[in-house]
Amino acid sequence: MTKFSDLNLDPKVLKAVEEAGYETPTPIQAGAIPPALAGRDVLGIAQTGTGKTASFTLPMITLLAKGRARARMPRSLVLCPTRELAAQVAENFDTYTKHLKLTKALLIGGVSFKEQEQLIDRGVDVLIATPGRLLDHFERGKLLLTGVQIMVVDEADRMLDMGFIPDIERIFSLTPFTRQTLFFSATMAPEIERITNTFLSAPERIEVARQATTSENIKQGVVMFKASRRDREGSEKRRLLRAMIDAEGEKCKNAIIFCNRKTDVDVTAKSLKKYGYDAAPIHGDLDQSQRMRTLDGFREGTVRFLVASDVAARGLDIPDVSHVFNFDVPGHAEDYVHRIGRTGRAGKKGTTLMICTPRDEKAFDAIERLVQQEIPRIENPLGNTASETDAKGDDTPKPEKKSRGSRSRSKKPEAEKAPEPKADEAQAQPQEKPGKRDDKPKSDRNRGRGGRGRDDKVVGMGDHMPSFIALSFDERRAG
Ligand code: AMP
């Protein structure tokens, strides 16, 4: 097996790697470091969690160890799609360059131009940047890219999702033709293929296995859920999410909860907070300092639930996440792989649970195809709600508004006429106080309706399961 000491890294880099506690290079490192050190272009098809950051950082700093930076002319450039990822790469640089005298600057939005300009003026060996901010600096005339010897593009597929490809092409064209390029992407979409064909020269291609197909230490599950009514889907999903968290109990040390849309990130975080969970949102519209604060809180454990969008969470290296919840089924199957890869890292065990509504079934099928396995269906911890119920019986009024029951448009299954105390949600979260209308704890009106759900065991209720919940449909009617 290859060892780091076999890789021809600068002895000072090797020392820092040893001090970081790494002995054996990961497959992407073993594959990428030798050609990178030989000055070749590299095309790494790998996602975060595989050790890809070190696979470009270590050869880069070994090559840069010789030579000096000139004012305004960085010697190398690392482009990252998000500020967080750029900050993380910068941290990696600090770790591995601690015995070298290399300088770096981090150019990301939300930080003052002036400070960044001062650093560039002094001359930097490594410039780590998001594309937009880099071009802003360039256009202000404060930066020349003609001294770039090594350029790294990290998470190119996310750059594509975020619309950065024209910026990347422009940046490529501003750097010397003779530069060395190290290019990383989790997937090879046609557009990414085109870019690599245009800007890379005979690259060494290294592809490492997808995490989702290899990671056996991530326990997966999905709750098939159908809201009682379309306009209640959001609040019912939030309620289900809380029940899923509760059902995991102490096993759920902390979690990242993914939503597809920014607005849902905000609403879900707010709702969780209201119900007494330590939650905070993270998405691209929040300012940089706030995002950093939230992330630090999550790393330190003061924030237990990080509610995130894909873009904000991409590439984040938070080593110790016990759970990932997919509040929404991601629209791109690849994102499922990225999302669940936030847990079960570095050999630790992780759990990932998802809520799938009937509308998500196509996307869900695509995920199962991609990960080449069936994701185990788990019971709805609130009892089987409408996952297998009749869609027609969905116009149930909230119990606290019984008088409006007459507006019900469709035939309701008999079970819904059973008395429905509000106890269930209060049991799940005794300290909860209902707040805004959409998140009001509601009775579990669908429990026991139709389908195979009737006789299913109810889980996630602790010792406080109200007795009516255990009754079957027919017994309740009889009572
Ligand atoms: P990355 O894919 O770059 O986000 O790295 C994922 C995690 O793996 C980070 O926490 C790294 O510190 C860690 N890591 C990187 N290289 C190694 C290695 N050779 N052995 C063990 N852990 C590593």
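What you see below is based on every heavy atom in this structure, not just the backbone, and it leaves out hydrogens, waters and symmetry mates. As the structure lists them, so they are numbered: ligands from 1, and atoms in each ligand from 1. This chain uses plain numbering: 1 for the first residue, then up along the sequence.
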Sub-4.0 Å atoms of ligand 1 with respect to non-hydrogen atoms of Thr50: 2 (O)

Could you check whether Phe258 and Phe325 have their ring centres less than 6.0 Å apart? no

For Asp10, is there an ion pair with Lys15 - N to carboxylate O distance below 4.0 angstrom? no

For ligand 1, indicate whether the residue Gln29 contacts it via side chain, backbone, both or neither (heavy-atom separation under 4.0 Å). side chain

Lys237 charged N/C atom sitting above Phe327 aromatic ring, 6.0 Å / 45°: yes

So is Thr53 polar-close to ligand 1, meaning N/O to N/O under 3.5 Å? yes

Please determine whether a side-chain nitrogen of the Lys or Arg among Asp296 and Arg299 lies less than 4.0 Å from a carboxylate oxygen of the Asp or Glu. yes

Under 4.0 Å between a side-chain nitrogen and a carboxylate oxygen: does that hold for Glu23 and Lys3? no

Polar contacts were defined as any N/O atom of the residue lying under 3.5 Å from an N/O atom of the ligand; does this apply to Gly51 and ligand 1? yes

Residue portion contacting ligand 1 (non-hydrogen atoms closer than 4.0 Å) for Asn92: neither

Report, in ascending order of atom number, the atoms of ligand 1 lying under 4.0 Å from any heavy atom of Phe4. 19 (N)

Inspect the contact between Glu117 and Arg140 and indicate whether a charged nitrogen and a carboxylate oxygen are less than 4.0 angstrom apart. yes

If hydrogens are left out, which of Phe56, Phe184, Tyr22 has an atom nearest to atom 14 (N) of ligand 1, that is, the closest non-hydrogen atom? Tyr22

When you compare ligand 1 with Thr24, is there at least one nitrogen or oxygen pair between them that comes in under 3.5 angstrom? yes

